[in-house]
Amino acid sequence: MEYQFRAIEKKWQTIWKEKKAYQVSNESSQPKCYVLDMFPYPSGAGLHVGHPLGYIASDIYSRFKRLKGFNVLHPMGYDAFGLPAEQYAIEHGVHPSKSTHDNIDNFRKQLDNIGFCFDWEREVKTCDAQYYKWTQWIFLQLFNSYFDKKEAKAKTITHLLSDFEKEGNSKHICPGDTSLQFSASAWKGYSEKEQQAIIMQYRLAFCGYGEVNWCEALGTVLANDEVVNGLSERGGHPVEKKKLRQWYLRITEYADRLLTGLDTIQFSDAMKEMQSNWIGKSFGAEIDFSIHQQEGTLKVYTTRPDTLFGVDFMVVAPEHALIETITPASHKGDVEQYIAYVKSRSERERMAEKKITGCFTGAYAENPLSKKLIPIWISEYVLAGYGTGAIMAVPCGDERDFKFAQHFNIPITNIIGDAFNGIDANPTKEAKLTNSDFLNGIVQKDAIAIVNDKMETLGIGKRKINYKMRDAAFSRQRYWGEPFPIKWINGIAYPMSEKELPLLLPEVDNYSPGPEGEGPLANIESWKSANYETNTMPGYAGSSWYFIRYMDPSNEKEFCNRKVSDYWGQVDLYIGGTEHAVGHLLYSRMWTKVLYDLGHIGFDEPFKKLLNQGMIQGSSRFVYRIRGTQKYVSAGLAAAHEVDALHVDVNIVDGVELNTAAFKKWKPDYAKAEFILEDGKYICGVEVEKMSKSKFNTVNPDDLVERYGADTFRMYEMFLGPVEQSKPWDTKGIEGVHRFLKKCWRLFYDELKGKVWNEEAATDSELKVLHKAIKKIEEDTERYSFNTAVSTFMICVNELADLNCHKKEILEKLLILLTPYAPHFAEDLWQALGNKSLIVDASYPVFEAKYVTESAKDYPVSINGKMRANISIDLAASEAQVHEIVLANEIVKKWVAETPIKKIIFVKGKMINIVI
RNA sequence: GCCUUGGUGGUGGAACUGGUAGACACGCAGGACUUAAAAUCCUGUGGGCCGCAACGCCCGUGCGGGUUCGAUUCCCGCCUGAGGCACCA
């Protein structure tokens, strides 16, 4: 009987479904284990081979834990709101809800194909009203809360208001405007509008103004992804910065807790490093520079107040408010021209730029200590969003400042003596200061406190802790997202009541943007007249709390019952890619902390352990559009033109040759494409990069499952390499895994004889093979080393085949070991062996050391670190005996010869090294 | 540019805490079975050198240094691939 994988897999998938084999209860006497995948965005491209990598890993771990006696929660759902569905709607006129649900159906089919043990009764879709009702509810919690600095936690606004009534805001520094101060009586005297404007400055979800990528020609705001080289990806129109009203989350208030919380969770060091760099806590000072012969001060933030006497120029961000007032008429033209140039550039371009650009404002600041006049420049490398949007430049100590000074011939003051060589800046803190008045002779790092004290005494500056992280923009001028439960009346944002939720996303027939940069909802009469907010929430809203909803997915009264969330608690294992390091993984941590602070849940970190699956990379194909035209030039000729490389769907490319007819049909934008061919062909560019729908380089797993079966596919994805490691997708090698399963099958069945397993008692050598495998596979699974577990299975089966072992006693245990990896295969043979219950309900075999103990070890013997011989020595032998045995060995004698032995290193159970 | 991370045979990878580099596979070559193919099985397979062979020797984990009895593993410098950089998710 042959291994009929397709029949077996279909059969067991049906039975599992009928028996509800993977349904999980919220009540159990067993210990709980919550294993979670980052849920997918259901793209039109369907599931690609990169998705299942993490899902297979989590599935293996879940099944393993279940076999080990845990009550395992392992759910799946869809992150279903987002830009691509809307894009698709604009291009094809299909309602995002329809395309999203079609995509979800397709995803579900593909997932089911692979045999995951998800409890589908807990499925969540972020675009379902019954789900986003609670996303809106959490938004209201954020809107109705502020961050109390003394208690370092979120509290409801009512606390704040009662304090305002009693004592104004003396106890509550305003996070939105630190200079804001008012008394109780002033507070009572404010109009409602004024009061609401102040409260807004405290809310954790608040409204403000921010810059967006604005495309005038399309009349819409574009995502960074939709902008290529300053032009819109659709149509190639110019894009510039525009200020719009936006919602934000005041995540900066949580900066410290997000930082310290990292110590309590098991994320990789790299991940923690990334998050803490993103938060970017720094200790520095804010210093006020007065403007020469003018009103006003220029406030800068610096981490190096010790270098204050070395300031040779100031640089302000092109967006800085002061520019307007300080620039004399003589310089206005140049300044305006420079600002216009910067407006066309993305933040990324500005930061990555190697070319030095800038413009002198014509104004001067005064050094608050030395009174020296300092020219004020504008440059794109200073960003408005960080610090005060202005820096003091110290060329001798900072590389970027140094290059800037050189480029614009600004004289450099040396304040670090010999430590500055005039060729490179030296960012040291260890040099003794020179040219620095009262600081001369003091080591820089010690001077920091001295300068800070002095400035605080003189009132020209003060110590300041700063964060690189900014508040998170939380609104989109789009249709396909959660509506805000907010009504605008007389310019005041009023929250809707919980009873009015969900505020349903209305149907529209046209997804084009509204007037003045508003979202499509602004085009709906009834929506506008009801005064609803016209923005929608961003993609990450729904994904910031979905892990909680899985615990209690159909609760209509609460986002999650407290008893239930207390039972499941933190996610024990969370698997997903590092690309979410500073987005989703920070937002969801913040939401969890807010919900915890407000008493809705009992844990303040969502994920106890994070495993970062590597990216399965795709092999992308590119076409090259000559800038500003609809001409596409073949890869080999692209160098001769100024071109933009655009991703093209790998499925309309044969190898590297583009199917030009399919390309024209692919997107309406390309319908009028003209091609410049080489040798009659259009050759595409190739690059290995992240597999993603937006790069059109996805490969579908269905064909592989069809050809080799789900179990082979599962094991192959694991066998590819460590789950944390990124690798480009390649199907070669899948045969080997398939052969392994067939070989394993033959331990049970012979093609001619049929069943070959027997009831004979196992021999010592068979038990040794089994128990070696139990130990290694259990350890490997526990430490997520699934690739080496797969090779251990191979070794085990190879050895059992060599021993001609067909004994049920051995094989039955092997099947349990194999269950997490190849569930259909294991289930089928388990039942064939006569078991009545499902194999997922079996218990994991227990390793017994007595079967694998060895009495001797083949020691590698090296001479001066080079391996020369292998000598088998009894493990009980004493060190002296070992020396004797080794020195008596012929090969050792030959190498040592007459040379005196300096020492012999003996590591018991490991190796022997003779030093001569 | 900044942050993070990787680089080991023809290929994917193994070597878990500094202790036999290349497990397990793929591919390739040769062979068995077969009318043939598929499937299956067996043998070999990092590079080089000496040799009929056995055996043996040298080199070898991106590159250049260092620490150590011993380095794929630790340290310093460099080259290079990937992910992220705040509106893709």
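Here is the naming used below: chain letters follow the sequence lines, and residue numbers restart at 1 for every chain. Bear in mind the structure is a predicted one, so any value in this text is a computation, not a measurement.
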**Prompt:** Rounded to whole angstroms, how far apart are CG on A/Leu586 and C1' on B/U4?
**Reply:** 14 Å
**Complete:** A/Met274 CE to B/C3 P, in whole Å, measures 13 Å
**Request:** Show the numbers, then the answer: is there a ring pair (Phe, Tyr, Trp, His ring centres under 6.0 Å) between A/Tyr546 and A/Trp591?
**Result:** CA-CA 11 Å; A/Tyr546 73 111; A/Trp591 285 42; over 10 Å; no
**Request:** With heavy atoms under 4.0 Å as the rule, sort A/Arg783 into base, sugar-phosphate or nothing.
**Result:** base
**Message:** Whole angstroms only, please: what is the CZ-C1' distance between A/Phe713 and B/A25?
**Reply:** 18 Å
**Item:** Spacing between A/Gln617 atom CD and B/U5 atom P, to the nearest angstrom
**Value:** 17 Å
**Asked** Roughly, in whole Å, what's the span from NZ in A/Lys910 to P in B/U20?
**Response** 8 Å
**Request:** Take the protein atom CZ of A/Phe793 and the nucleotide atom P of B/A14, then report the distance between them rounded to whole Å.
**Result:** 17 Å
**Prompt:** For the side chain of A/Asn913 and the base of B/C69, is some donor closer than 3.5 Å to an acceptor across the two?
**Reply:** yes
**Message:** Using a distance-only criterion (donor-acceptor N/O pair, under 3.5 Å, no hydrogens), is the base of B/C87 paired with the side chain of A/Gln477?
**Reply:** yes
**Item:** Whole-Å distance separating the CG atom of A/Leu741 from the P atom of B/C24
**Value:** 18 Å
**Request:** Measure from CE on A/Met718 to C1' on B/A25 and round the result to the nearest Å.
**Result:** 16 Å
**Request:** May I ask you to say what A/Ala270 touches in the nucleic acid, namely base, sugar-phosphate or nothing, with a heavy-atom cut-off under 4.0 Å?
**Result:** sugar-phosphate
**Request:** Could you check whether A/Gln246 gets within reach of a base, just the sugar-phosphate, or nothing at all, counting any heavy atom under 4.0 Å?
**Result:** base
**Prompt:** Looking at B/C24, B/G19, B/A21, which one has an atom nearest to any side-chain atom of A/Met794?
**Reply:** B/C24
**Asked** If you check the A/Asn224 side chain, which of B/G83, B/G13, B/C87 turns out closest?
**Response** B/C87
**Complete:** Checking N1-N3 plus N6-O4 or O6-N4 for Watson-Crick, or N1-O2 and O6-N3 for wobble, each under 3.5 Å, the partner of B/C41 is B/G31
